[in-house]
Amino acid sequence: MNYKILVINGPNLNLLGQREKEIYGTATLEEINKDLKVMALEKGIDIEFFQSNHEGALIDKIHSARGDADYLLINAAAYTHYSIAIYDALKAVKIPFIEVHLSNVDAREPFRQNSLLSPIAAGKICGLGGLSYKMALLAACEILLGENEEQDAR
Ligand code: DQA
């Protein structure tokens with residue numbers, strides 16, 4: 001059975017490529033996802049993408065990932081900074097996740113420097129534009145496949 005990674009994007013990320021290009025770059029979310037799909041396929045890992053502008057929809061998706069996805073990459077966008085509900089959902093499902101941001105949130109406004117999700121994330125990658133997602137995917141694949149090799153060796 002293949003491992004599966006679910007990539008979750010929060011509000012306003014559907015506007016990538018049009019939105020504040022000097023901060024978020026010119027690539028669309030579709031273009032970023034296309035690259036991730038190629039990378040995942042090369043590693044033999046299944047990948048699914050989900051974007052929503054609604055907190056409840058993001059929470060429902062996190063819940064439904066239980067028993068379905070082995071790892072999450074999540075850019076919760078503005079919700080990162082204040083959604084206790086998304087924090088609770090991630091804690092509840094206990095699926096390991098990497099927090100992703102296109103911009104360097106730690107170098108921006110003070111309200112972006114606080115993440116509710118970082119303390120429960122496996123790791124965080126930010127500031128590299130679309131490359132942040134690729135680096136996070138690479139890490140998640142290595143972690144999953146590395147675990148698999150350990151299991152095979154046992
Ligand atoms: C973001 C950073 C957030 O502060 C912001 O609200 C976003 C995008 C990023 O990817 O850089 O919408 O998560």
Side-chain angles (χ1 to χ4, degrees), residues 3-43 45-66 68-144:
Y3 286 114
K4 178 170 169 183
I5 295 175
L6 171 63
V7 184
I8 298 178
N9 279 288
N12 302 308
L13 293 170
N14 55 315
L15 296 183
L16 285 181
Q18 303 164 40
R19 168 194 187 204
E20 297 180 280
K21 290 184 203 168
E22 63 295 348
I23 297 175
Y24 298 115
T26 53
T28 65
L29 188 58
E30 213 171 50
E31 287 164 347
I32 290 172
N33 289 350
K34 215 168 138 193
D35 284 354
L36 297 182
K37 180 137 199 172
V38 171
M39 276 179 71
L41 280 178
E42 277 170 6
K43 298 268 183 194
I45 287 188
D46 294 338
I47 191 159
E48 182 189 341
F49 303 98
F50 181 80
Q51 188 277 330
S52 177
N53 295 322
H54 306 278
E55 190 177 26
L58 293 164
I59 292 164
D60 287 344
K61 190 66 190 176
I62 292 166
H63 289 178
S64 70
R66 219 163 21 149
D68 183 48
D70 300 291
Y71 221 97
L72 308 178
L73 308 185
I74 179 159
N75 183 350
Y79 286 136
T80 307
H81 312 299
Y82 69 94
S83 176
I84 296 170
I86 290 178
Y87 164 86
D88 279 346
L90 289 165
K91 266 197 112 173
V93 300
K94 292 201 181 92
I95 304 170
F97 73 93
I98 298 176
E99 176 183 345
V100 179
H101 301 283
L102 294 128
S103 65
N104 181 358
V105 281
D106 296 311
R108 298 183 63 195
E109 302 97 316
F111 66 84
R112 292 188 208 277
Q113 294 172 22
N114 180 49
S115 165
L116 294 191
L117 309 185
S118 297
I120 56 163
K124 165 175 157 177
I125 301 181
C126 71
L128 306 176
L131 203 52
S132 292
Y133 290 91
K134 286 191 182 175
M135 295 296 101
L137 179 61
L138 188 68
C141 290
E142 291 279 313
I143 291 163
L144 290 173

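First listed ligand is number 1; within each ligand, the first listed atom is number 1.
Checked against a 3.5 angstrom limit, the closest N/O atoms of L102 and ligand 1 fall inside it. Checking only distances, R112 does come within under 3.5 Å of ligand 1, N or O to N or O. Taking any N or O of H81, backbone or side chain, at least one lies under 3.5 Å from an N or O belonging to ligand 1. Of the polar atoms of L13, none of the N or O atoms is found under 3.5 Å from an N or O of ligand 1, judged by distance alone.
At the top of the distance list for atom 12 (O) of ligand 1, counting protein heavy atoms only, stands R19 NH2, 3.0 Å. Atom 11 (O) of ligand 1 has S103 OG, 2.6 Å as its closest protein atom, hydrogens excluded (heavy atom only). For atom 1 (C) of ligand 1, the nearest non-hydrogen atom of the protein is H101 ND1, 3.7 Å.
Between H81 and H101, the ring planes are parallel. Angles under 30° get that label, and only those over 60° would be called perpendicular.
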Item to complete: Evaluate the criterion side-chain contact (heavy atoms from CB on, under 4.5 Å) for residue pair N75 and Y133; output intermediate values, then yes/no.
Response: CA-CA 9 Å; N75 183 350; Y133 290 91; 3.0 Å; yes
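A donor-acceptor pair is defined here as one N or O able to donate and one able to accept, closer than 3.5 Å; no such pair exists between the side chain of Q18 and the backbone of L15. At distances below 3.5 Å, at least one donor-acceptor pair connects side-chain atoms of T80 with backbone N or O atoms of A77.
Interatomic distance, N33 CG to Q51 CD, rounded to the nearest 0.5 Å: 9.5 Å. Between D35 atom CG and L131 atom CG the span is 10.0 Å, to the nearest 0.5 Å.
Within the structure, the closest approach of N75 to ligand 1 falls below 4.0 Å when heavy atoms are considered. At least one heavy atom of V105 sits closer than 4.0 Å to an atom of ligand 1.
Around CZ of R19, the count of heavy atoms belonging to other residues, nucleotides or ligands within 6.0 Å exceeds 12.
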